[in-house]
Amino acid sequence: MTKRIFLPFLLLCLAFSASAQQPDPKKLDAYYSSAMTGFHQPGMSIGIVKDGKLEFAKGYGKRTLGKNESVDENTVFQLASLSKAFTAAAIGMLVDEGKLKWEDRVTDHLPEFKLYDAYVTREFTVRDLLCHRNGYLTFDGDLLWYGTSYNRREILKRFSNLAPKHGFREKYGYSNIMFIAAAVLIEEKTGQSWEQFISSRIFKPLGMTASSVDMQTFKAGGNIAAPHVHDTARTYIDYNNAAGAVGVNSNITDLSKWAMMWLNKGKYGDIQVLKEKTVRDILAAQTPQNVSAKNEENSIHLRAAACGWMLQDFRGVKMAHHSGGLPGFILNLALVPEKNMAVIVLTNGETLIPFALTNYTIETYITGKSKDWAAEFIALSQPEPLKPDVKKEPSTVLNAEELAGTFEDKMYGKATITAAKGKATLLLEPTRQLFTAELEPLNRTSYRIKFADPFLPEGKVIFNLDADGKPTSFTIDLPNPDFNFFNLKFIRQN
C-alpha cells in the first residue's frame, strides 16, 4: 500500500557472479538478528526457498511487544499488497478455463464497471485491472476503502467520480482500486466470493492450511503478529472491503509453497495450479516504470509492472517481487526464477528491514558475500527535519459555531463539524473511528488537525470563505505517502 515500501527496493545494486554460492546459515542468522536490533524491529519472520524446498525459515522478535510471544516461521501476518499476486493468479485461472481473456473488455463481464471517462470505461481490459496504467496517480481512491463503511461495489461506484490525472495507459500509477474491481469481477464470473475462490482454488491445492482471507479466522489463529505503529501495538483493522488489493493472511511456511508454485512454472507437486503460459503472461512486463539516474548507477536498467507483480533486472537476471504495507505491517516477497530461489520477509513494524534483508540475502546467495544493506537502509530511515509551523493569529479565527455544519465531497462522502464548549470537531463520516479530530485554529482559514488514526501525521483543514466571511467549503492538507487527501473538496450542505 505505501510509497515508502516501494522506493527502497528500487535502490538494489547487486554485483552478481557467474555462479550461485551456498551461504552459511549461521552467518545469515547472525546478520538477521543484528539487523533486528539496528532497526528496532518488533518482530519478523524470514524464509528462503531454494531449488524446490524451504531452505531457511526462522522468526525473530515478538508477535506483540510487551508479551512473551515469540515470532516463528508459522506466525501469521496480514500480507497487505502481497495479496495482489493471489488476485492475479485467480484471474489467470479463469483465463485458463476460458471464462475470461486478458484483452476482454471489463464491461463485457461486469456491466456496472465505470470510470470517470466514458472512453476509458469502454476500452478498459481485464489485463488493465492488474498492471497499474489506468490514468490515475499512485494510491488515488484509497481513502474510499481505508477504514470506511463502504463495500467493494460502493467503492468502485464512488471512484468513478474522480477525474484521472493523465492519459489512459500513458504512465504507471499504482492502483489498489483496480484490484478491488478484479475481485468483484471474479465474484461475477464464478458465483463465489473472492474469499471463497482464493481459499478453495489456491490455499487448498497448495496445502496452505494456516492462511486465511478474513479477519475472524486471522484473529482466531493464535500464532498471529500484532501490528505496531511507532513501536506500539495497535488494534487490527478489517480491510475486507479492499479484498483483491489486500486481504490474505499467511506465514513463511505457507508462502514458501506459494513461491515454489511460481518458480515451478505454475505447478506444485503433481498439481498444475496455473498453466505455464499463464504464469509467463502474469510475469511479463506491462507498464514501464521510471528508471532514475540513481537506478542506473546501481545497475538497474529496466523496471516495469507485471500483473500483480513488479519486475526489474539485476545484470541480466529477472526478478519478480512485490512488497506490502498496511499500518503496522511491512512485508516483501521476491522471486529470482533463473536462480530458482525466493526470499520472503514478513514484519509487524514499519521499518525498511524487509528490503535490506531481501537485498542482503539475494546478494549473498549469488556472490557469496554482500554489503551491509541493513546499515544503508537504517541511514535512509532517518526522519526529515520538521518544518516550522504556521504562526497562530487567534484574534482573526472563526468561532466553533461558524465552522459547524455538514459538508460533502462527491467521491468520498459526508463530513460533519460540530461545536461544543467553544471547540470545533471534524468527523469524516465514512471513517468515523479513524478520521475525527479537533480543529485547532492557526489563522482565520487554517486549522491544525491530528486524526485519531495514529498512522497519520498532523495536517491542516483549510476553509474557503464567501464574501461575508462564512465557510463554504474546505480541503485537507495532510502530506503523507499513502493517502491522497488533496483529491477531496468538501462543499457545505447546510
Side-chain angles (χ1 to χ4, degrees), residues 1-4 137 139-144 146-148 228-232 234-235 237 326-328 350 381-494:
M1 179 179 98
T2 92
K3 291 179 185 174
R4 56 175 174 260
L137 298 179
F139 303 140
D140 269 356
D142 281 7
L143 284 167
L144 287 170
Y146 178 68
T148 72
H228 292 77
V229 179
H230 307 309
D231 296 326
T232 301
R234 301 294 181 181
T235 57
I237 298 176
L326 287 169
E350 297 186 342
S381 305
Q382 298 306 311
E384 296 181 2
L386 295 175
K387 296 179 180 179
D389 202 353
V390 178
K391 292 183 179 180
K392 291 185 179 181
E393 301 174 26
S395 62
T396 66
V397 300
L398 300 169
N399 62 48
E401 286 72 20
E402 290 176 297
L403 296 174
T406 300
F407 299 76
E408 185 169 8
D409 176 79
K410 188 174 181 180
M411 178 188 73
Y412 185 74
K414 291 184 178 180
T416 56
I417 298 176
T418 57
K421 298 181 180 180
K423 295 183 178 180
T425 300
L426 170 67
L427 173 64
L428 303 192
E429 294 288 352
T431 321
R432 297 179 66 88
Q433 292 185 331
L434 297 176
F435 291 169
T436 181
E438 184 178 310
L439 295 171
E440 179 186 347
L442 294 170
N443 54 51
R444 187 169 178 78
T445 59
S446 298
Y447 294 74
R448 182 189 287 113
I449 57 169
K450 177 64 179 78
F451 282 133
D453 183 7
F455 181 64
L456 291 172
E458 288 186 354
K460 290 187 292 184
V461 168
I462 302 169
F463 288 92
N464 294 307
L465 309 181
D466 63 16
D468 296 323
K470 302 299 183 183
T472 58
S473 64
F474 71 82
T475 57
I476 297 174
D477 180 10
L478 203 162
N480 72 96
D482 303 295
F483 300 110
N484 298 343
F485 283 93
F486 55 77
N487 282 324
L488 308 181
K489 184 175 182 178
F490 291 90
I491 308 297
R492 180 182 284 276
Q493 304 299 301
N494 59 26

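These numbers were taken from a predicted model, which means no experiment stands behind them. Atom set for the values below is all heavy atoms of this structure, side chains included, hydrogens, waters and symmetry mates excluded. Residue numbers count from 1 along this sequence.
In this structure E429 satisfies the side chain to side chain contact (heavy atoms under 4.5 Å, CB included) test together with K414, T416, L427, R432, sequence neighbours excluded. Partners of N494 under the side chain to side chain contact (heavy atoms under 4.5 Å, CB included) rule, at least two apart in sequence or in another chain, are T406. Legend: residues meeting ring pair (Phe, Tyr, Trp, His ring centres under 6.0 Å) with F474, ordered by chain and number and at least two apart, are F407, F463, F490. Applying the side chain to side chain contact (heavy atoms under 4.5 Å, CB included) criterion to A452, with sequence neighbours excluded, gives T436. With sequence neighbours left out, T232 forms a side chain to side chain contact (heavy atoms under 4.5 Å, CB included) with R234.
Side-chain contact, D453 with Y146: a donor N or O sits under 3.5 Å from an acceptor N or O. Side chain to side chain, N464 and T472 fail the donor-acceptor criterion of an N or O pair below 3.5 Å.
Dense packing is recorded around CD of E438, with more than 12 heavy atoms of other residues, nucleotides or ligands lying under 6.0 Å away.
Between I491 and E408 there is no side-chain heavy-atom pair separated by less than 4.5 Å. When side chains are defined from C-beta on, H228 does not count as touching E350, because their heavy atoms never get closer than 4.5 Å. F451 has its side chain within reach of L478: a pair of non-hydrogen atoms, C-beta onward, lies under 4.5 Å apart. Using a 4.5 Å cut-off on side-chain heavy atoms (C-beta onward), L465 and T445 make contact.
When every heavy atom of L398 is checked against every heavy atom of E402, the shortest pair comes out as CA-OE1, 3.5 Å. Residues G469 and R444 share a closest heavy-atom pair of O-NH2, 3.6 Å. Here the shortest heavy-atom pairing between V229 and P454 reads CG1-O, 3.8 Å. Closest heavy-atom contact between A424 and A400: N-CB, 3.7 Å. Closest heavy-atom contact between V397 and P441: CG1-CB, 3.4 Å.
For F485 and F435, the distance between ring centers is under 6.0 angstrom.
Put simply, CD1 on I237 and CZ on F455 are 9.0 Å apart, with the number rounded to the nearest 0.5 Å. Once rounded to the nearest 0.5 Å, the distance linking NZ of K423 with OG1 of T418 reads 12.5 Å. Of the inter-residue distances, the one linking I417 atom CD1 with L403 atom CG reads 5.5 Å to the nearest 0.5 angstrom. The CG atom of N487 lies 11.5 Å from the OG1 atom of T475; values are rounded to the nearest 0.5 Å. Note that the CD1 atom of I449 and the OG1 atom of T425 stand 11.5 Å from one another [nearest 0.5 Å]. A distance of 9.5 Å separates OG1 of T148 from CG of L143, quoted to the nearest 0.5 Å.
The ring-ring contact (aromatic ring centres under 6.0 Å, His included) pairs that include a residue from residues 408-429 number zero, where partners must be two or more places apart or lie in different chains.
With hydrogens and angles disregarded, a donor-acceptor distance shorter than 3.5 Å links the side chain of K450 to the backbone of L456.
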